[in-house]
Undergrad: 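First, the structure itself, so that you have it in front of you.
Fair warning: this is a prediction, and the values are worked out from it, not measured in the lab. Counting starts at 1 for both ligands and their atoms, following the listed order. We number each residue from 1, following the sequence as shown.
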Amino acid sequence: MRTVYNQRHAAHAATHEFFRGRLVPAFEVPARADYVLQAVQAAQLGEILSPFDHGIAPLERVHAPAYLRFVQGAHAEWRSLGGEGDAFPAVWPVRSLRSDVEPASFAARMGLYSMDSGTPLTAGSWEASYWGAQAALTGLDLALGDEGSAYVLTRPPGHHAGADFFGGYCFINNAAVAAQAARDRGMARVAILDVDYHHGNGTQAIFYERSDVFYASVHGDPSTEFPFFLGHADERGAGAGLGFNANYPLSAGASNEAWFAALEGALAQVAGFAPELLIVSLGVDTYVEDPISHFKLDRPEFAQLGRRIAAFGATKTLFLQEGGYATEAIGHNVVAVLRGFEEGQG
Ligand code: SP5
Ligand code: ZN
C-alpha cells in the first residue's frame, strides 16, 4: 500500500496543553508522525508520496470559509496582541450566549471557533493542517485509482474538528474533506468507519443530516471520555440523515472481545449502506498502553482489525491517521493494521 506523508506536519509543534488546570507536556507531538514514518519505511509497506496541492476549495466544501480564515490568521493575531507561545481559548458561547454574531475581539473569536482548551493553536497549526487535508485528498486520488487503497500519514488529526470549530487536537477534518471530495467526484455513497478511541464528534456533526455519508464509530463512552458531549448510542442521524449514523460507545476499560463485537455491529450497518468508498479514521489510541485512553488493543488485535476491514470488501478503502499517543508504538500499531489489511486482501 502506498502512503501519502504530510511532510509539513512538524510545523504544528505544541509543547504544552492544559490538563486539570495545569500545563502538561503535549500528547499530540511531531514525533508521533516521525515514528510512524520510520515504521512504514522499515516495513517496506510501499511507496511514500508527498501531497499534491488541491487548493482550498475542497476544504471550504466542509468548513465555513470564515472559520478557515480565522485559523489561518489566528496565531499572527495572538502575537500582535502580545500573546507568547501557543494560543488557547478562554471563553465560549455556551447555550444562551450568541454564536451567530462574530465578535471583533480575538479572545472571543478563539472561543467562538473552538470546543476545548486542550488544543494549542500554534504558529504552524494552519500550515500543518492545510497540508494534512491535501494529503487526505491525495490519498483519495490514490484510493480511487487502480490500487484501491492508500494510507495517509498526517498530523494534527481531524475527526474532532467541526464545520466551524477546532478542538481535540484537530483543526481540519481530513476524513470529512476526503468524503465530501469523493461525493463531488461522483461517488454516490461514502462510509466513514471511525476506530479512534474518541468519538469523532466533528465528522458526525458534519454529516448528521445527510444520507450520502454514513458515519459509524466505536469509541470510549462519552459519559466519561472526551469529547463528552457527543457520541451516545441514541444518535442515529436526523432528518434525511436518520439511520445514517451509528455509535458504539464502550466503557473505558472494555475488553477486546467487547471492542470487536462493537466493530462487528458498526460494520454490519456500514455493509447495509453498501458504500462505494470506505474511509477509516484510523486512531490507534485504542492501544493498551496509550497514555490518555483506556482500551486494550495490542499488536495482534491491530492486525485483526486490518484483516477485518479487508474482509469487509469495500471496492475502495482510504486509511487516514487520527489519534494514538504511545509515541514509539504508534508506527508498529499502524503497520500492523495496514499489513493485516493487505494479508486479508490476499
Ligand atoms: C484525535 C484525538 O485522539 N484527540 C483526543 C483529544 C483528547 N483531549 C483530552 C486529553 C486529556 C488528557 N488526559 C491526560 C491524562 C493523563 N493521565
Ligand atoms: Zn483519539
Side-chain angles (χ1 to χ4, degrees), residues 6 9 12 14-33 36 86 88-89 114-122 125 128-129 132-133 136 152-162 165-177 192-206 215 217-231 247-250 252-254 259 279-297 302 305 319-327 329-330 333-334 337:
N6 172 15
H9 76 85
H12 177 62
T15 55
H16 291 84
E17 66 180 65
F18 275 109
F19 178 64
R20 296 198 177 126
R22 296 264 189 292
L23 283 167
V24 301
F27 289 97
E28 204 290 287
V29 291
R32 296 177 60 242
V36 181
D86 302 338
F88 294 91
S114 68
M115 64 177 276
D116 72 349
S117 68
T119 307
L121 194 156
T122 71
S125 292
S129 300
V152 176
L153 170 48
T154 190
R155 54 168 292 283
H159 73 155
H160 295 302
F165 61 85
F166 65 89
Y169 311 148
C170 305
F171 297 89
I172 304 293
N173 195 312
N174 301 315
V177 167
I192 300 171
L193 173 68
D194 191 330
V195 296
D196 187 281
Y197 179 78
H198 306 95
H199 176 254
N201 60 282
T203 316
Q204 169 171 312
I206 287 164
Y215 177 75
S217 178
V218 179
H219 52 267
D221 187 333
S223 50
T224 62
E225 306 306 292
F226 188 88
F228 305 119
F229 304 108
L230 210 64
N247 284 330
Y248 289 81
L250 296 169
W259 193 87
I279 295 175
V280 181
S281 266
L282 181 58
V284 292
D285 40 11
T286 48
Y287 178 48
V288 62
E289 288 182 41
D290 192 274
I292 70 169
S293 310
H294 307 97
F295 287 164
K296 296 175 178 165
L297 272 58
F302 284 116
L305 168 61
F319 293 91
L320 300 181
Q321 187 64 50
E322 300 279 3
Y325 307 99
T327 308
I330 304 169
N333 294 338
V334 167
V337 174

Undergrad: Using a 4.0 Å cut-off to any heavy atom of H159, which atoms of ligand 1 qualify?
TA: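 With H159 as reference, the close atoms of ligand 1 come out as 1 (C).
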Undergrad: For the backbone of G323 and the side chain of Q321, can you confirm whether one donor and one acceptor N or O come within less than 3.5 Å of each other?
TA: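 Judged by distance alone, yes, a pair lies under 3.5 Å.
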Undergrad: Hey, does S125 have a side-chain heavy atom less than 4.5 Å from the side chain of P156?
TA: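 The answer is no; the side chains never approach within 4.5 Å.
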Undergrad: Is the shortest N/O to N/O distance between E17 and ligand 1 below 3.5 Å?
TA: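 No, E17 has no N/O under 3.5 Å of an N/O on ligand 1.
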Undergrad: So does H198 have any N/O/S atom less than 2.8 Å away from the Zn ion (ligand 2)?
TA: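 For H198, the answer is yes, given that an N, O or S atom comes within less than 2.8 Å of the Zn ion (ligand 2).
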Undergrad: So is G168 polar-close to ligand 1, meaning N/O to N/O under 3.5 Å?
TA: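 There is such a contact, yes.
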Undergrad: What class does the angle between the rings of Y287 and F302 fall in, given that below 30° is parallel, 30 to 60° is tilted and above 60° is perpendicular?
TA: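 Answer is tilted, since the angle falls between 30° and 60°.
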Undergrad: Which residue holds the protein heavy atom closest to atom 15 (C) of ligand 1, what is that atom called, and what is the gap in Å?
TA: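 Protein heavy atom with the smallest distance to atom 15 (C) of ligand 1: F19 CZ, 3.6 Å.
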Undergrad: May I ask you to list the atoms of ligand 1 that are less than 4.0 angstrom from any heavy atom of P157?
TA: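 Answer, ordered by atom number: 1 (C).
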Undergrad: Quick one: report the N, O or S atom of D196 that is nearest to the Zn ion (ligand 2).
TA: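 Distance check against the Zn ion (ligand 2) picks out OD1 in D196.
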Undergrad: Say whether E322 and ligand 1 are in contact under the criterion: heavy-atom distance to a ligand atom below 4.0 Å.
TA: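 In this structure, E322 fails to qualify as a contact of ligand 1 - no heavy atom is under 4.0 Å.
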Undergrad: Where on D116 is there a heavy atom closer than 4.0 Å to ligand 1, on the side chain, on the backbone, on both, or on neither?
TA: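 Neither part.
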Undergrad: Quick check: of its N, O or S atoms, which one does D285 have closest to the Zn ion (ligand 2)?
TA: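 For D285, the N/O/S atom sitting closest to the Zn ion (ligand 2) is OD2.
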Undergrad: Could you pull out, from Y197, F226, F228, the option with a heavy atom nearest to atom 9 (C) of ligand 1?
TA: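 Heavy atom nearest to atom 9 (C) of ligand 1 belongs to F226.
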Undergrad: Checking side-chain hydrogen bond (donor to acceptor under 3.5 Å, both in side chains) for the pair H12/T122: CA distance, chi angles, key distance, verdict?
TA: CA-CA 6 Å; H12 177 62; T122 71; 2.9 Å; yes
Undergrad: Mind checking whether the Zn ion (ligand 2) has an N, O or S of E322 under 2.8 Å?
TA: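 So E322 does not bind the Zn ion (ligand 2) by this criterion.
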Undergrad: Over all heavy atoms of both residues, which pair between Y325 and I330 is shortest? Give the atoms and the distance, please.
TA: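 Looks like N-CD1, 4.2 Å.
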Undergrad: Which atoms of ligand 1 are found less than 4.0 Å from any heavy atom of Y325?
TA: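 Result: 1 (C), 2 (C), 3 (O), 4 (N), 5 (C).
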Undergrad: May I ask you to list the atoms of ligand 1 that are less than 4.0 angstrom from any heavy atom of D196?
TA: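 So the atoms of ligand 1 that pass are 3 (O).
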Undergrad: Donor-acceptor pair, N6 side chain versus A128 backbone, under 3.5 Å?
TA: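 Between the backbone of A128 and the side chain of N6 there is a qualifying donor-acceptor contact (under 3.5 Å).
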Undergrad: Would you mind running through ligand 1 and noting each atom that sits below 4.0 Å from a heavy atom of H160?
TA: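 The list of qualifying atoms is 1 (C), 2 (C), 4 (N), 5 (C).
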Undergrad: By number and element, which atoms of ligand 1 are closer than 4.0 Å to a non-hydrogen atom of D285?
TA: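 Contacts of ligand 1 toward D285, numbered from 1: 3 (O).
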Undergrad: Have a look at H198, H219, R155, R20 and point out the one with the heavy atom closest to atom 5 (C) of ligand 1.
TA: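 The residue whose heavy atom sits nearest atom 5 (C) of ligand 1 is H198.
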Undergrad: Using modelled atom types and a 3.5 Å cut-off, is there a donor and acceptor pairing between side-chain atoms of S293 and backbone atoms of D285?
TA: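 Such a contact is found between S293 side chain and D285 backbone.
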